[in-house]
Amino acid sequence: MVRVHVVDTGLGIRTKYFNSDLTNVGKVLPKVKEEFMQRINKPGQFLNWVDLPEQQLKRVDAIYDMVAKTKNQTDSKVLTVLGIGGSKHPVEHMLGINGLNLNKDRILFFSDVDSTSMARFLHRLDNDVTKSNFLVVSKSGSTFETKDSMLRFKQMLEDAYINKGYTKKQAEELASKHMIAVTDGNPSTSELRRLSNSENWTGDLYIHDDVGGRFSALDDHVLFALADAGMKKQDMIKMLKGANDMSKVALSSDLRRNDPFLQAAFWVNAQLKGVKTAVHQYMGSLFEDTVNWHAQMQNESIKNTLKQIAKVPDAMHHSAEAHFNPANKYAYALTSPFDRGFARENVQGYVGALNKSYSEAGRFFNESVETAGLGLKPETAGALTQSRAFSTVYQELIDKNVRNQKLPEVLDSVLQPHVEVYKKNLKPQPGEPDVVVAGRLSKLA
């Protein structure tokens, strides 16, 4: 007999847990909650994303004012986000689940370093960079990939205006009107902020302290892009309130609603039972970019490459052979829209069939989320995003608690020490030439 445990957050997210013994997880909830609460808002703990929705509610008007100002001063119809990792994937995720930028032509992204990718990107602009404004996102301002493309586009803008007959000084001033910096607010710690201030770029957009890129889905660069893409101000407010309400749910002692904690406990319990490979599938095109963001959360925080994150139905048929092979041992999750449209009967049947298949194959939960229009309900979009952040960190806390392991001074799930391996190798060795130089032009044969 399949056991089913249902959790309803009241925020448009309802989760059914199949074949999962969650009766004992309540014992560690008080300790996990206490440990988490002790670290919130403390410098260096990288948990300031918890209260970020509440803070951002106070900045909504300012964000929309900056979007209007930037559009008016250049008359550009496109915004290009320059950034990698947490400067890019949270933006893509939030645009997707809010039903914005569906044609991929209002908000563009550039995060490459090679010549062909640059040529392909310029082709999308008809080789006219003045058609776009550029949102440059980097906490330090020194991230090579972002700095490299920023310097190239900045020079292209200046050259374009000089070719239109403007003087060099005028061209520099006009190019600066296309540039928006999202970085540390302190000029002493961010060279991008120093450049932005010196050249009078659009300012007052920040990457908040102790948030962390993959946890920044409600930070300034994301809100600016959502507003630029046409999100209504009242919907942004609903989204932020939904995220704030989810923070309250995730910090609650009520297991009947604390779904972020239960999802984290689900993955920990699976590992304790010897399940090494996990699968989280998302159903529908609205989650196409969520897959990349969730994979980033998984790889950078859980640091486990054995979890597969994919979109269905695309991945269903070619994954099913492995998923339902009794020789393989998996833990599964499915996030699916609660469909109220023309296909609702088929969708209910389809999801029901997947639920039956996965619950017969192993431990499984189905997370159902409320939709509206072309995406999720705004409050559900905020709640789902905040829930992922909580469950990611809770997974480490639960795991270490049940294994009686000592917690580190700063949680492993919020730090990225191993990224420095490749960053170190981008830097020159003593007496050797620079490996990479941002904006460098190669000598053409």
S.K.: Measure the acute angle between the ring planes of Tyr17 and Phe266, then classify it against the limits of 30° and 60° as parallel, tilted or perpendicular.
M.R.: tilted
S.K.: So, the side chain of Thr277 versus the backbone of Tyr330: is there a donor-acceptor pair under 3.5 Å, distance only?
M.R.: no
S.K.: State whether the number of non-hydrogen atoms from other residues, nucleotides or ligands found under 6.0 Å of Gln38 atom CD is greater than 12.
M.R.: yes
S.K.: Around atom OH of Tyr422, are there more than 12 heavy atoms from other residues, nucleotides or ligands closer than 6.0 Å?
M.R.: yes
S.K.: Looking at every heavy atom in both Gly185 and Tyr206, which two are closest together, and how far apart are they?
M.R.: CA-CD2, 3.6 Å
S.K.: Taking the six-membered ring for Trp, are Tyr358 and Phe324 ring centroids under 6.0 Å apart?
M.R.: yes
S.K.: Could you check if a side-chain atom of Met283 sits within less than 4.5 angstrom of a side-chain atom of Pro337, using non-hydrogen atoms only?
M.R.: yes
S.K.: Take Phe390 and Phe36 through the test ring-ring contact (aromatic ring centres under 6.0 Å, His included) and record every step on the way to the result.
M.R.: CA-CA 10 Å; Phe390 270 102; Phe36 193 92; 5.4 Å; yes
S.K.: Look at Arg59 together with Asp65 and state whether they make a salt bridge at an N to O cut-off of under 4.0 Å.
M.R.: no
S.K.: Is Glu367 paired with Arg388 through a side-chain N to carboxylate O contact shorter than 4.0 Å?
M.R.: yes
S.K.: Are Lys77 and Asp105 within salt-bridge range, i.e. N to O under 4.0 Å?
M.R.: no
S.K.: Which atom pair, heavy atoms only, marks the closest approach of Arg193 to Leu205?
M.R.: NH2-O, 2.6 Å
S.K.: Are Asp339 and Arg344 within salt-bridge range, i.e. N to O under 4.0 Å?
M.R.: no
S.K.: Answer yes or no: is there a side-chain heavy-atom contact under 4.5 Å between Val81 and His221?
M.R.: no
S.K.: Looking at Lys400 and Lys406, would you say the former's side chain and the latter's main chain have a donor-acceptor pair under 3.5 Å?
M.R.: no
S.K.: Do Phe364 and Lys356 touch side chain to side chain, with heavy atoms closer than 4.5 Å?
M.R.: no
S.K.: Looking at every heavy atom in both Val275 and Ala331, which two are closest together, and how far apart are they?
M.R.: CG1-N, 3.4 Å
S.K.: Compare every heavy atom of Val50 with every heavy atom of Ser247, then report the nearest pair and how far apart it is.
M.R.: OG-O, 3.2 Å
S.K.: Would you check if Ser301 and Arg214 make a side-chain contact, meaning some heavy-atom pair closer than 4.5 Å?
M.R.: yes
S.K.: Report yes or no: does Asp112 contribute a side-chain atom to a donor-acceptor pair with the main-chain N or O of Asp114 at less than 3.5 Å?
M.R.: no
S.K.: Look only at the side chain of Ser196 and the backbone of Leu192, and say whether a donor-acceptor pair between them is shorter than 3.5 Å.
M.R.: no
S.K.: Report yes or no: does Arg340 contribute a side-chain atom to a donor-acceptor pair with the main-chain N or O of Ala372 at less than 3.5 Å?
M.R.: no
S.K.: Using a strict threshold of under 4.0 Å (side-chain N to carboxylate O), is an ion pair present between Asp210 and Arg39?
M.R.: no
S.K.: Does Gly382 offer a backbone N or O that forms a donor-acceptor pair with the side chain of Lys238 under 3.5 Å?
M.R.: no
S.K.: Is the shortest heavy-atom distance from the side chain of Gln386 to the side chain of Leu218 under 4.5 Å?
M.R.: yes
S.K.: Is the count of non-hydrogen atoms from other residues, nucleotides or ligands lying under 6.0 Å from Lys232 atom NZ greater than 12?
M.R.: no
S.K.: Using 0.5 Å steps for rounding, measure from the CD atom of Gln348 to the OG atom of Ser368.
M.R.: 9.5 Å
S.K.: Compare every heavy atom of Asn98 with every heavy atom of Met231, then report the nearest pair and how far apart it is.
M.R.: CE-OD1, 3.3 Å
S.K.: Answer with yes or no whether the side chains of Gln55 and Asp51 bring together a donor and an acceptor at under 3.5 Å.
M.R.: no
S.K.: Considering only NZ, NE, NH1 and NH2 on the basic side and carboxylate oxygens on the acidic side, decide whether Arg14 and Glu370 come within less than 4.0 Å.
M.R.: no
S.K.: Going by atom types alone, do Thr70 and Asn133 pair a side-chain donor with an acceptor below 3.5 Å?
M.R.: no
S.K.: Whether the Thr335 and His280 side chains hold a donor-acceptor pair (N or O, under 3.5 Å, no angle test) is what I'd like checked.
M.R.: yes
S.K.: Could you tell me if the side chain of Asn328 sits less than 4.5 Å from the side chain of His323, heavy atoms only?
M.R.: no
S.K.: Does NZ belonging to Lys303 count more than 12 external heavy atoms closer than 6.0 Å?
M.R.: yes
S.K.: With no hydrogens and no angle check, is any side-chain donor or acceptor of Asp289 less than 3.5 Å from a backbone partner on Gly96?
M.R.: no
S.K.: Where do Lys88 and Glu145 land on the side chain to side chain contact (heavy atoms under 4.5 Å, CB included) test, with the steps shown first?
M.R.: CA-CA 12 Å; Lys88 177 188 179 186; Glu145 297 88 343; over 6 Å; no
S.K.: Is any side-chain heavy atom of Leu95 closer than 4.5 Å to one of Arg106?
M.R.: no
S.K.: Consider only side-chain N and O atoms of Glu360 and Asn19, and report whether a donor and an acceptor are under 3.5 Å apart.
M.R.: no
S.K.: Measure the spacing between CG of Asn366 and CG of Asn355 and express it to the nearest 0.5 Å.
M.R.: 4.0 Å
S.K.: Of Asp254, Val249, Leu397, Val28, which meets side-chain contact (heavy atoms from CB on, under 4.5 Å) against Phe261?
M.R.: Val28
S.K.: For Trp267, is the NZ or CZ atom of Lys307 found under 6.0 angstrom from the centre of its six-membered ring and inside 45 degrees of the ring axis?
M.R.: yes
S.K.: Hey, mind stepping through Asp259 and Ser387 against side-chain hydrogen bond (donor to acceptor under 3.5 Å, both in side chains) and telling me if it holds?
M.R.: CA-CA 8 Å; Asp259 201 35; Ser387 176; 5.3 Å; no
S.K.: Only one of Ser87, Ser190, Ser138, Ser140 passes side-chain hydrogen bond (donor to acceptor under 3.5 Å, both in side chains) with Thr183; say which it is.
M.R.: Ser190
S.K.: Which one of Phe287, Phe215, Trp293 satisfies the ring-ring contact (aromatic ring centres under 6.0 Å, His included) criterion with His93?
M.R.: Trp293
S.K.: Say you draw a straight line from CG of Leu135 to NE2 of His178; how long is it, rounded to the nearest 0.5 Å?
M.R.: 14.5 Å
S.K.: Of all the heavy-atom pairs spanning Pro90 and Gly213, show the shortest one and how long it is.
M.R.: CG-O, 3.7 Å
S.K.: I want to check something: taking the side chain as every heavy atom from C-beta on, are Leu262 and Asn258 in contact at a cut-off of under 4.5 Å?
M.R.: no
S.K.: Could you tell me whether a side-chain N or O of Asp235 sits under 3.5 Å from a main-chain N or O of Pro378, the two making a donor and an acceptor?
M.R.: no
S.K.: Quick check: His294 with Tyr282 (ring centres under 6.0 Å apart)?
M.R.: yes
S.K.: Does a donor on one side chain and an acceptor on the other come within less than 3.5 Å for Asp219 and His208?
M.R.: yes
S.K.: Between Asp209 and Lys139, is a salt bridge (Lys or Arg N to Asp or Glu O under 4.0 Å) present by the stated rule, with each step listed?
M.R.: CA-CA 9 Å; Asp209 290 337; Lys139 176 71 171 175; 2.8 Å; yes
S.K.: Under a 3.5 Å distance rule, please check whether Glu396 uses its side chain to pair with a backbone N or O of Asp412 as donor and acceptor.
M.R.: yes
S.K.: I'd like to know if the side chain of Thr385 and the backbone of Ala381 have a donor-acceptor N/O pair within less than 3.5 Å.
M.R.: yes
S.K.: Please indicate whether Gln234 has more than 12 foreign heavy atoms, meaning atoms of other residues, nucleotides or ligands, lying under 6.0 Å from its CD.
M.R.: yes
